[in-house]
Each structure stands twice: as structure tokens, then as C-alpha cells.
*Asks:* 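Next up is a structure, given as C-alpha cells.
Atoms considered below: every heavy atom in the structure, side chains included; atoms not considered: hydrogens, waters and symmetry mates. We count residues from 1, following the sequence as given. A quick note: this is a predicted structure, and the numbers were derived from the prediction, not measured.
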Amino acid sequence: MVVIQTTLDLKSMTVLARATRKTLRWGSSTAVRLFACGVFVVELLLARLLLRVGDGRWILNLLLGLFMLGCVLWEDRFNGMMSLRQTPLNSRVVNATFQDSSYVQRTQAGEQWWPYGSIKAIVEAQDYFALLLGKNHGQIYDKKGFSWGDIDQFRELIQRKTGLKIQYVK
């Protein structure tokens, strides 16, 4: 048995968003990011052209290009912020107990039991583990939150119960 307590905050939700983007959403996210980079380049070229001909609207194109660049660079942070806003305040402190048959998450709002078979991907980041249940749903656990068991026991248990390999992301 392994017990982990995690407080959901912007940092943890950003890691969860990054883990989802780099694993389950990899194909669709890449296309959107390439499109946004293309728009950034076009906007910069238009801004340069308008500046050369003396049109005062070049600043608008520059700002739009910088906005698109910001969307690409801070996509995970923005998605994490939106996910955190959708998480009720009484569900932001999570106590998860991983047992042999299933695992349970307890918050002030209640508890949920999850079968290991619902996990689609396991991701390990520097400070967190993420269990991805789908492209739009995941759970994040702080490596510093172990109150029963340790990181190595958790790795062994979760891989054995799911049959999945742990994927590492930065």
C-alpha cells in the first residue's frame, strides 16, 4: 500500500497539462502548435512590410504575432490555470491510497475509487507523477507527499497493476 497527499496548485496542474500534451495529445497538439508558429511568422513578416511602407498598423501585427508566440510558449501554464479554476476549492487537497485491487482519492468533497485499468498512461516529471485517464482527464501526485511507502514502491506497484511503462517528461 502507498499513500500520497497532494495539494493541487498552478505548478502541479501545469505539469499535468504538459504530461498530457506530450503523451496522449501529442499528435493534435503538435499540429496546433505548428499552426500557431506559422501565424507568428506571418504576422512578423506583415509587421515588417507595413513598417517599411510607413503604415501605422504594423504595431497591431507585431502584437498579434507576439500573442501567438505567447500562446505557444505558455500553453501548458494556461491549460493548467484553466484546469485549476475548474477544480473546486474543497477538492484541491487530495489523499490517494494505492491498494492491490484499486486506488482511492479522498478530498473534502468526497472520495472516488478508481480501477487501475482506467489508467491510459503513467508520466513521471521531476517533482510529480501523473496518471492520465484520457486526453482531458488526469491525476497528479506530488513526490514529496508520500506518507506511507516511497517512490520506488509506487513505481513498482503502478507499473505492475497497469502493465504500462512510466514515461518521463521534463
*Asks:* What residues form a side-chain contact (heavy atoms from CB on, under 4.5 Å) with E111, not counting sequence neighbours?
*Replies:* V104, R106, W113
*Asks:* Could I get the full list of ring-ring contact (aromatic ring centres under 6.0 Å, His included) partners for Y128, not counting sequence neighbours?
*Replies:* none
*Asks:* Residues two or more places apart in sequence or in another chain: which of them pass side-chain contact (heavy atoms from CB on, under 4.5 Å) with F146?
*Replies:* V2, I4, F129, I151, F154
*Asks:* With rounding to the nearest 0.5 angstrom, report the CZ to OG1 distance, R18 to T14.
*Replies:* 7.0 Å
*Asks:* Can you name the residues that form a side-chain contact (heavy atoms from CB on, under 4.5 Å) with L51, not counting sequence neighbours?
*Replies:* W58
*Asks:* Can you list every pair that meets salt bridge (Lys or Arg N to Asp or Glu O under 4.0 Å) and has a residue in residues 51-68, with sequence neighbours left out?
*Replies:* D55-R57
*Asks:* For the residue pair I119 and L164, what are the closest heavy atoms and their distance?
*Replies:* O-CD1, 3.5 Å
*Asks:* Answer whether the closest heavy-atom distance between the side chains of L60 and L64 falls below 4.5 Å.
*Replies:* yes
*Asks:* Is the number of heavy atoms from other residues, nucleotides or ligands under 6.0 Å of R77 CZ greater than 12?
*Replies:* no
*Asks:* If you round to the nearest 0.5 Å, how far is CE of M13 from CD of Q86?
*Replies:* 8.5 Å
*Asks:* Can any side-chain N or O of S118 pair as donor or acceptor with the backbone N or O of W114 at less than 3.5 Å?
*Replies:* no
*Asks:* Transitive ILVMFWY cluster of V3 at side-chain heavy atoms under 4.5 Å: who else is in it?
*Replies:* M1, W148
*Asks:* Which donor-acceptor pairs under 3.5 Å do the side chains of residues 32-43 make with protein atoms, sequence neighbours left out?
*Replies:*
from : atom 1 : to  : atom 2 : distance (Å)
R33  : NH1    : V72 : O      : 3.2
R33  : NH1    : E75 : OE1    : 2.5
E43  : OE1    : N61 : ND2    : 2.7

*Asks:* Can you confirm whether the side chains of Q105 and Y103 place a donor and an acceptor under 3.5 Å from each other?
*Replies:* no
*Asks:* List the residues meeting side chain to side chain donor-acceptor pair (under 3.5 Å) with R21, not counting sequence neighbours, and say none if there are none.
*Replies:* D76
*Asks:* So which heavy atom on V123 is nearest to which on A19, and how close?
*Replies:* CG1-CB, 3.6 Å
*Asks:* Hey, any chance L49 and L62 share a hydrophobic cluster, counting ILVMFWY side chains that come within less than 4.5 Å of each other, even indirectly?
*Replies:* no
*Asks:* How far does CG of L84 sit from CG of N79, to the nearest 0.5 angstrom?
*Replies:* 12.5 Å
*Asks:* For the CZ atom on F78, are there more than 12 heavy atoms of other groups (residues, nucleotides or ligands in this structure) within a distance under 6.0 Å?
*Replies:* no
*Asks:* Can you name the side-chain contact (heavy atoms from CB on, under 4.5 Å) partners of T107, sequence neighbours left out?
*Replies:* S91, V94, A109
*Asks:* For the atom pair OG (S12) and CG (L10), what is the distance rounded to the nearest 0.5 Å?
*Replies:* 8.0 Å
*Asks:* Verify, without hydrogens or angle tests, whether K165 (side chain) and Q159 (backbone) share a donor-acceptor contact under 3.5 angstrom.
*Replies:* no
*Asks:* For G134 and T20, which heavy atoms make the closest approach, and how far apart are they?
*Replies:* O-CG2, 4.5 Å
*Asks:* Is there a path of hydrophobic side-chain contacts, each under 4.5 Å between heavy atoms of I/L/V/M/F/W/Y residues, joining I59 to L46?
*Replies:* no
*Asks:* Residues in side chain to side chain donor-acceptor pair (under 3.5 Å) with N90, at least two apart?
*Replies:* none
*Asks:* Which pairs pass salt bridge (Lys or Arg N to Asp or Glu O under 4.0 Å) with one or both residues in residues 120-142, sequence neighbours excluded?
*Replies:* K11-D127, E124-K143, E124-R155
*Asks:* Go through the steps for D100 and K161 under the test side chain to side chain contact (heavy atoms under 4.5 Å, CB included), then give the verdict.
*Replies:* CA-CA 8 Å; D100 281 336; K161 290 298 180 181; 4.0 Å; yes
*Asks:* Check side chain to side chain donor-acceptor pair (under 3.5 Å) between E156 and all other residues, then give those that pass, not counting sequence neighbours.
*Replies:* R160
*Asks:* Could you give the distance from OH (Y116) to CG (L157), rounded to the nearest 0.5 Å?
*Replies:* 4.5 Å
*Asks:* What distance separates K144 NZ from T6 OG1, expressed to the nearest 0.5 Å?
*Replies:* 11.5 Å
*Asks:* Answer yes if Y141 and V93 sit in the same cluster of Ile, Leu, Val, Met, Phe, Trp and Tyr residues linked by side chain heavy atoms under 4.5 Å apart, and no otherwise.
*Replies:* no
